[in-house]
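Quick notes on the structure that follows.
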There are 2 protein chains.
Amino acid sequence: MSLENKKKNQIVPEPALRRMPCYLSYLKLAQKDGMKHISSTFIARDMGVDPTQVTKDLSYTSIVGKTRVGYEVEPLIEELESFLGFTVVDEAYLFGVGSLGKALLHDHGLKQFGLKVVAAFDVNPSIVGKIIEGVPIYHIDEFKTMTQAGVRIGILTVPVENTQEVTTIMVEGGIEAIWNFTPVRIKVGDDVVVQNTSLYAHLAVMFNRLNAKNK
Amino acid sequence: MSLENKKKNQIVPEPALRRMPCYLSYLKLAQKDGMKHISSTFIARDMGVDPTQVTKDLSYTSIVGKTRVGYEVEPLIEELESFLGFTVVDEAYLFGVGSLGKALLHDHGLKQFGLKVVAAFDVNPSIVGKIIEGVPIYHIDEFKTMTQAGVRIGILTVPVENTQEVTTIMVEGGIEAIWNFTPVRIKVGDDVVVQNTSLYAHLAVMFNRLNAKNK
């Protein structure tokens with residue numbers, strides 16, 4: 001295995017991974033401003049983090065900064081996009097075409113970042129059979145017949161009361177990574193990747209901070 | 001100030017706050033199953049966390065569990081909903097009606113959790129003047145004339161290159177809490193609450209875990 005592939009397949013700490021899209025967007029802005037090189041000190045100052053953290057975070061990629069010169073902006077952008085998996089489009093299924101599920105179908109940004117929803121599943125007869133933003137909506141029972149398509153990623157946006165049941169169906173059907181937008185802690189085997197993104201939990205944090213500020 | 005208000009206005013650690021909506025959804029399911037009381041041990045087991053953590057997290061609310069009996073389910077649900085700020089509807093402005101901004105306008109779930117978007121702002125002439133899901137879209141210049149409405153929360157979904165500029169406009173116009181969906185680390189004064197939610201950062205974490213699994 002090449003160094004580059006080894007780098008890509010290592011487990012990177014989540015805080016570092018979460019900062020990387022911030023570096024990426026920062027670098028794209030710098031590139032627009034005509035910058036060719038940039039130092040970790042400069043990035044750190046603008047982003048309000050420690051320079052050693054910038055160096056450490058970026059060391060997970062195969063790009064190395066040079067003394068005095070810093071990082072070359074363009075190759076670092078390309079490397080980060082590839083490292084973060086944004087350059088290869090992965091196909092995904094969406095489970096649950098309620099309010100949030102529908103909203104995600106409207107977000108074309110996902111595709112830019114490497115995720116393309118190719119089909120969605122629900123049980124609601126008023127939505128099954130429809131096409132939203134080019135994505136066909138099937139009954140969840142049909143998923144069982146579509147497990148040979150090699151889709152490994154599932155986006156979970158079903159109601160709370162169906163979350164675990166649908167999770168089990170997803171895993172039995174070959175889904176290997178679940179992007180869980182529900183507030184439910186789903187139970188899966190160790191071999192299934194779960195990424196929890198509860199928008200409402202973030203909302204709760206924001207409300208708390210806002211209330212604490214005004215006490 | 002009453003104990004209850006004091007509790008609500010304290011700064012609760014973010015990990016605890018983020019777990020609370022999980023407890024809430026768990027308790028609602030338990031309630032549907034007819035449960036009247038529930039112990040922290042039971043919650044902990046089902047959610048895969050430590051019982052002492054459950055007790056500690058819930059101690060930030062004004063509800064106290066009883067020995068042997070545990071927590072009363074219904075009052076705990078009500079307390080959590082109120083504690084998390086989901087029962088009072090806060091008004092918010094949306095800044096940036098691109099793909100993700102539009103998607104959020106389609107998500108009626110936000111209102112259920114206490115956030116109601118009452119107006120949106122953009123600069124794109126093809127969208128300014130329209131109404132999406134009942135929300136009128138204004139030109140960003142009009143925001144400056146609308147700062148007396150008492151709206152304190154702003155959702156930020158503009159393109160990366162406009163993020164800081166729009167942030168400054170928001171803060172000057174009286175926005176006190178910014179829900180930042182962009183991958184940009186925005187610069188604001190200490191008195192402004194920022195909640196970062198980068199969906200694409202979560203996507204990057206998921207891709208990394210999935211790739212590491214298949215090495």
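The structure displayed is predicted, hence computed values, not measured ones. These numbers come from the heavy atoms of this one structure, side chains and all, not from hydrogens, waters or symmetry mates. In what follows, every chain begins at residue 1, and chains take the letters A, B, ... in the order their sequences are listed.
Annotation: the span from A/Ile153 atom CD1 to B/Leu203 atom CG amounts to 7.0 Å, rounded to 0.5 Å. One finds the CZ atom of A/Arg152 at 6.5 Å from the NZ atom of B/Lys213 (value rounded to the nearest 0.5 Å).
With a threshold of 4.5 angstrom between heavy atoms, B/Pro13 approaches chain A through N, CA, C or O but not through any side-chain atom. The part of A/Val49 that comes within reach of chain B is its side chain, from C-beta onward, which places non-hydrogen atoms under 4.5 angstrom from that chain. For a residue to count as touching a neighbouring chain, one of its non-hydrogen atoms must lie under 4.5 Å from one of that chain's; by this rule B/Leu24 does not touch chain A. When heavy atoms are compared at a cutoff of 4.5 Å, B/Lys28 does not approach chain A at all. B/Leu100 touches chain A through backbone and side chain together, each having a heavy atom under 4.5 Å away. With a 4.5 angstrom heavy-atom cutoff, B/Leu105 does not touch chain A via any of its atoms. For a residue to count as touching a neighbouring chain, one of its non-hydrogen atoms must lie under 4.5 Å from one of that chain's; by this rule B/Lys32 touches chain A with the side chain only.
Nearest heavy atom pair, residue A/Glu176 against residue B/Leu210, reads CB-CD1, 3.9 Å. Nearest heavy atoms, B/Pro21 versus A/Ala201: CG-CA, 3.6 Å. Across all non-hydrogen atoms, the minimal contact from B/His202 to A/Asn196 is ND1-O, 3.7 Å. Contact record, B/Leu84 with A/Phe207: O-CD1, 3.4 Å, taken as the closest heavy-atom pair. Considering every non-hydrogen atom in both A/Ser99 and B/Gly109, the closest pair reads OG-N, 3.6 Å.
Among the candidates B/Asp46, B/Val194, B/Thr182, the residue making the largest number of heavy-atom pairs closer than 4.5 Å to chain A is B/Asp46. By number of non-hydrogen pairs under 4.5 angstrom with chain A, the leading residue of B/Gly85, B/Gly101, B/Ser198 is B/Gly85. Interface remark: of the candidates A/Met20, A/Lys187, A/Lys102, A/Lys187 forms the most heavy-atom pairs closer than 4.5 Å to chain B.
Note: A/Phe113 and B/Tyr200 have parallel aromatic rings, judged against thresholds of 30 and 60 degrees for the angle between ring planes. B/His106 and A/His106 have parallel rings, their planes meeting at less than 30° on a 0 to 90° scale where 60° marks the start of perpendicular.
Atom CD of B/Glu74 has 12 or fewer neighbouring heavy atoms from other residues, nucleotides or ligands inside a 6.0 Å radius.
With a 4.5 Å cut-off on side-chain heavy atoms, A/Gln195 and B/Arg209 do not count as touching. Contact check for A/Leu199 versus B/Leu199: side-chain heavy atoms found under the 4.5 Å cut-off. Side chains of A/Tyr26 and B/Val184 form no contact here, defined as non-hydrogen atoms less than 4.5 Å apart. Two residues are said to be in side-chain contact when any heavy atoms from C-beta on lie closer than 4.5 Å; B/Tyr60 and A/Asn208 fail this criterion. Two residues are said to be in side-chain contact when any heavy atoms from C-beta on lie closer than 4.5 Å; B/Asn211 and A/Phe83 fail this criterion.
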Evaluate the side chain to side chain contact (heavy atoms under 4.5 Å, CB included) criterion for residues B/Met206 and A/Ile178: first the C-alpha distance (whole Å), next the side-chain angles of each, then the deciding distance (0.1 Å), finally the verdict.
-> CA-CA 8 Å; B/Met206 187 174 69; A/Ile178 299 177; over 6 Å; no
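Residues of residues 154-166 of chain B that come closer than 4.5 Å to chain A, counting heavy atoms only, are B/Val160, B/Glu161, ordered by residue number.
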